[in-house]
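Quick notes on the structure that follows.
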Amino acid sequence: MTDQKKVLEIVEKIIAKIEEEKEYLTELDQPIGDSDHGINMARGFQEVEKKMPSLDGKDIGSILKTVGMTLMSKVGGASGPLYGSAFMKAGLKMAGKTEMDINDFLTCLDTAIEAIQKLGKAQVGEATMIDAMVPADEAMKKAVESGADDKAVLEAGSKAAWAGAEHTKDLVATKGRASYVGERGLGHQDPGATSFSYILEVISENV
Amino acid sequence: MTDQKKVLEIVEKIIAKIEEEKEYLTELDQPIGDSDHGINMARGFQEVEKKMPSLDGKDIGSILKTVGMTLMSKVGGASGPLYGSAFMKAGLKMAGKTEMDINDFLTCLDTAIEAIQKLGKAQVGEATMIDAMVPADEAMKKAVESGADDKAVLEAGSKAAWAGAEHTKDLVATKGRASYVGERGLGHQDPGATSFSYILEVISENV
Amino acid sequence: MAMKKFINKVEDVEEEMTEGLAKAYPDQLEKLDYGTIICRKNKKANDKVALVSGGGSGHEPAHAGFVGEGMLDAAVAGTVYTSPTPDAILEGIHAVKTDAGVLLVVKNYTGDVMNFELAEEMANDEGIKTVHVVSNDDVAVENSSFTVGRRGVAGTLFIHKCAGAKAEAGGTLEEVQAVAQKVIDNVRSMGAAIKPCTVPAAGKPGFELAEDEMEVGIGIHGEPGVHREKIKTANETADILLDKILADIDYTGHEVALMVNGSGATPLMELYIINNHVQDVLKSKGIKVYRTFVGNYMTSIDMAGFSLSLLRLDDELKTLLDAKADTPAWKEFGC
Amino acid sequence: MAMKKFINKVEDVEEEMTEGLAKAYPDQLEKLDYGTIICRKNKKANDKVALVSGGGSGHEPAHAGFVGEGMLDAAVAGTVYTSPTPDAILEGIHAVKTDAGVLLVVKNYTGDVMNFELAEEMANDEGIKTVHVVSNDDVAVENSSFTVGRRGVAGTLFIHKCAGAKAEAGGTLEEVQAVAQKVIDNVRSMGAAIKPCTVPAAGKPGFELAEDEMEVGIGIHGEPGVHREKIKTANETADILLDKILADIDYTGHEVALMVNGSGATPLMELYIINNHVQDVLKSKGIKVYRTFVGNYMTSIDMAGFSLSLLRLDDELKTLLDAKADTPAWKEFGC
Ligand SMILES: Nc1ncnc2c1ncn2[C@@H]1O[C@H](COP(=O)(O)OP(=O)(O)O)[C@@H](O)[C@H]1O
Ligand SMILES: Nc1ncnc2c1ncn2[C@@H]1O[C@H](COP(=O)(O)OP(=O)(O)O)[C@@H](O)[C@H]1O
Ligand SMILES: [Mg+2]
Ligand SMILES: [Mg+2]
Ligand SMILES: [Mg+2]
Ligand SMILES: [Mg+2]
């Protein structure tokens with residue numbers, strides 16, 4: 001599906017996308033949170049940008065670990081440790097590898113979800129990034145089973161992630177800062193679910 | 001010219017006028033001062049209003065002294081001690097008297113100007129209430145000399161006061177808070193000169 | 001459009017601010033090179049528990065203004081309104097750790113809790129005895145087992161004060177943690193705001209309020225509160241907050257510490273007016289105010305608002321509250 | 001339209017505010033029944049000079065927040081931005097007078113000077129030894145013999161501190177007055193603002209500033225300053241003020257006390273950022289900062305702005321500055 005070089009290319013594209021959507025992600029965080037999700041994510045990924053030269057030629061595990069550690073130490077807030085540990089733990093699974101197939105990718109995503117749930121304790125339906133991640137994961141597994149090619153699998157994942165993000169509008173948040181507004185959060189899309197959807201979208205468009 | 005009862009009537013009218021012009025006097029104090037002259041004066045004269053019942057039947061000296069002491073203890077700022085001592089010192093001149101003629105009135109005004117200059121040290125031309133008071137005083141003396149009746153004398157005074165107040169627009173203040181703005185005060189009419197002009201206007205209209 | 005703030009570059013706010021604090025008290029405080037971390041310059045004896053707190057910036061003087069003898073040993077500041085990261089927290093722990101152990105004081109926000117817990121885990125892995133407490137005094141937010149619970153707000157400062165005094169007095173890690181928990185169990189807060197705050201990086205207010213509206217139950221990051229309503233008088237607004245607080249804990253017959261906390265842009269004039277009423281109400285309810293704190297303790301950048309915090313006291317907490325604290329922003333008057 | 005303030009009735013602001021301050025510190029402070037006057041509860045010994053200051057309200061914590069051991073004995077508050085009246089000042093003098101005499105600390109405004117002088121005259125007529133000093137530290141206003149001279153602003157607090165310490169140490173009335181005058185001769189200040197203040201009785205801002213404008217040399221009552229210009233960075237703005245101050249007194253080679261004073265609605269975040277730069281500049285100019293004070297000392301209700309004050313120190317002033325002061329708002333950290 002992708003080699004070490006391609007992974008770096010995709011990371012560059014994610015960095016660019018997050019920067020592009022920085023304001024939008026921040027706006028989403030306003031009615032239900034503290035108006036900083038885009039700022040946080042962009043600060044982290046800009047820092048990843050600085051690390052890119054040092055990642056040339058490194059294995060995929062090292063790349064993911066560096067991305068994770070950088071996010072962990074630069075994003076802060078709730079999304080920092082969540083995305084940080086997600087990438088770090090996924091990196092462990094890819095240690096030493098320079099190629100990644102669709103099953104590796106799904107393993108990474110499973111690991112990421114597990115890491116996020118271990119830290120954040122959110123289940124599906126609590127209006128967090130989990131509500132984009134889990135449906136995406138399920139949709140991709142189904143697509144793989146039905147024999148779809150990598151591109152189609154990722155596209156199914158991206159579509160499911162966006163649908164999940166959209167669906168957070170109908171959910172009352174019970175985790176994270178959004179839980180403070182209770183019912184007033186209805187109708188508002190979760191910023192973390194949205195940032196995850198952008199990341200998966202970039203991956204699906206660039207594999 | 002006026003008896004004790006008439007003096008009380010005029011004081012009532014002055015109270016009403018100051019209340020009426022409270023906002024305007026405060027606005028005049030904005031560009032060159034601290035936006036409170038009308039508020040200060042109104043606070044003081046509202047307090048005088050409360051004393052009115054106790055002044056029934058009192059001599060003119062007592063009335064003026066009470067007005068002065070009330071202004072002194074309720075107005076604060078620069079105008080409080082100035083108007084306060086002006087009325088108090090004028091009251092001394094009228095001690096025991098129940099009638100007041102135009103010469104008494106001019107004595108009172110002379111005394112008031114003296115009291116204000118003793119405290120505030122302002123000369124004509126420094127853009128203060130003095131620039132309304134002195135021209136008014138001079139105009140009335142001239143009118144008396146030329147044989148004008150009381151009404152005409154007071155009207156001449158009122159006219160001269162307003163002209164003096166108007167003229168403060170062309171002066172750079174060197175006393176009071178307005179002195180801080182220097183040349184930037186040009187074009188702005190002095191609030192204290194204006195409040196004095198209203199007071200004299202009320203007197204001239206009601207004698 | 002220029003933002004109406006006295007700042008230089010938006011991305012330098014946190015760094016310059018902590019530098020500026022350290023430079024105000026060069027003999028007492030130091031800023032670490034790594035991150036925006038303020039520490040006591042005279043390190044604590046090794047047999048006394050060290051206290052580390054922190055959180056997003058924007059709440060000045062919290063938390064760095066409470067670093068000093070009798071309160072915190074280190075304060076770790078994140079970027080504005082964003083929890084600091086585990087590596088920075090660990091750096092703060094490293095700088096002040098003692099053999100007696102380290103207590104982390106964390107405000108109950110998902111981000112803060114996760115970042116501090118990760119740092120605690122790393123510290124413990126390194127053999128540094130570290131525990132934490134989580135403050136959650138904001139009664140504006142319902143506490144239920146299905147949610148993340150109440151937010152930590154201005155009441156957190158009573159933890160710094162009382163647990164800090166306990167540590168200075170030589171309490172063990174367990175004892176210091178127990179004092180911190182006692183404060184948490186006995187302190188409740190709630191706030192309201194009439195003007196929003198502007199995060200420098202955002203450049204515009206985080207929420208909007210109509211000319212005649214106020215937000216009741218506002219969070220210290222400008223998070224939406226319980227509800228919005230027409231502006232009321234100071235006394236009526238204080239009553240709304242006080243009612244919620246008193247409904248949560250019964251303070252009747254107890255002695256309390258009261259904090260009337262400004263949100264950053266609220267003049268002391270208004271805080272004193274509020275205090276005037278709150279003291280009367282508490283008196284009428286048979287609640288005796290042992291000490292009052294009026295001022296900016298836990299702010300929200302330039303928000304105009306205030307919060308009330310009530311801490312139910314026992315003899316131990318009274319002694320700890322009155323113990324000497326020498327920090328930039330804590331002021332005990334007349335103790 | 002409702003004013004965006006936590007107040008009750010406009011005409012009760014001064015009364016409720018002073019009541020609220022006194023109630024925060026019931027053992028230390030009392031409010032007199034006559035007027036809005038705050039006094040120390042524990043009266044000074046008869047052989048020590050008493051200090052009385054005051055001025056219009058709206059500058060909180062000045063002046064009542066500096067009443068207490070080692071600073072003021074009484075603070076007489078006028079209505080907002082308006083000098084108190086002679087009778088009220090006399091009442092304050094009566095409440096705290098001692099055989100050693102009374103020093104009045106007056107800010108240089110026509111109204112303040114006249115009202116305090118009238119009170120002084122009355123006190124002396126009654127046989128109370130009373131003298132006064134007039135602070136005039138604001139270099140924004142040219143000092144010329146044709147005008148009323150410079151305004152008294154935040155530097156006034158150094159008078160309260162140093163003369164208060166001298167009085168507490170047993171100085172005679174002449175000695176205490178001499179210390180006050182020494183501070184006046186050696187302190188200079190200047191301020192700038194980016195958002196206006198609203199006097200409660202006026203209900204709307206006292207001046208207007210465009211979205212990208214600031215007023216340089218602003219007075220503490222929102223009086224127009226030296227000029228208006230486009231908003232600059234914190235560092236550039238501080239430089240403008242500092243240049244004016246340093247041009248007035250040569251501080252090179254001297255030790256100084258620095259005050260970075262907030263106008264009421266300026267977050268501590270910004271004051272620290274300003275301090276960060278001012279410390280660097282002073283250092284580069286060979287001026288050693290002996291003590292720094294960052295916070296809200298002399299405010300202008302809810303104005304967003306700041307002022308810088310520099311006091312040139314000698315050994316006597318250093319000792320007096322570091323002496324104990326126990327008041328609500330003066331905080332010596334690490335002395
Ligand atoms: N417990 C949790 N589990 C999973 N995701 C969470 C949790 N708490 C918060 N999040 C995610 O983090 C996002 C907010 O991130 P961000 O705004 O950067 O942090 P903060 O809330 O600390 O300001 C939310 O939109 C949500 O998707
Ligand atoms: N030295 C002075 N002599 C005469 N009048 C003065 C003097 N100083 C100020 N005033 C008058 O006082 C007026 C201002 O009064 P007010 O606004 O009530 O007091 P403040 O200036 O203390 O706010 C000015 O407009 C001016 O006419
Ligand atoms: Mg957020
Ligand atoms: Mg005025
Ligand atoms: Mg945040
Ligand atoms: Mg005034």
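Each chain gets a letter, A, B and so on, in the order its sequence line appears, and its residues count up from 1. Hydrogens, waters and symmetry mates are skipped; everything else that's a heavy atom, side chains included, is used.
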D:K41 atom NZ: more than 12 heavy-atom contacts under 6.0 Å: yes
Test: D:K43 and D:E30 ion pair at under 4.0 Å: yes
Salt bridge flag under 4.0 Å for residues C:E168 and C:R40: yes
Side chain to side chain, [X] and [Y], heavy atoms closer than 4.5 Å:
X	Y	value
C:M298	C:H63	yes
C:M17	C:T36	no
D:F293	D:L157	no
C:T18	C:I37	no

Top of [options] for chain C proximity - count of heavy-atom pairs under 4.5 angstrom:
options	value
D:M269, D:E60, D:Q279	D:M269
D:G68, D:A24, D:G65, D:G264	D:A24
D:I273, D:N275, D:T233	D:I273
D:L209, D:N8, D:L268, D:T292	D:N8

Non-hydrogen atoms of chain D under 4.5 Å away: do they reach the side chain of [X], the backbone, both or neither?
X	value
C:D280	side chain
C:V13	both
C:A325	backbone
C:T299	neither
C:A210	backbone
C:E19	both
C:D12	neither

Name of the residue among D:E15, D:K23, D:E16 meeting side-chain hydrogen bond (donor to acceptor under 3.5 Å, both in side chains) with C:N276: D:K23
Side chain / backbone / both / neither for D:D302 at chain C, heavy atoms under 4.5 Å: both
D:S263, part contacting chain C, at a heavy-atom distance under 4.5 Å: neither
Heavy-atom pairs under 4.5 Å with chain D, option from C:M303, C:E270, C:E14 with the top count: C:E270
Most contacts with chain D, counted as non-hydrogen pairs under 4.5 angstrom, among C:H59, C:K5, C:E213, C:K9: C:K5
Option among D:I274, D:L271, D:N235 that satisfies the side-chain contact (heavy atoms from CB on, under 4.5 Å) test with C:F6: D:I274
Aromatic plane relationship, C:W330 with C:Y297 - under 30° parallel, 30 to 60° tilted, over 60° perpendicular: perpendicular
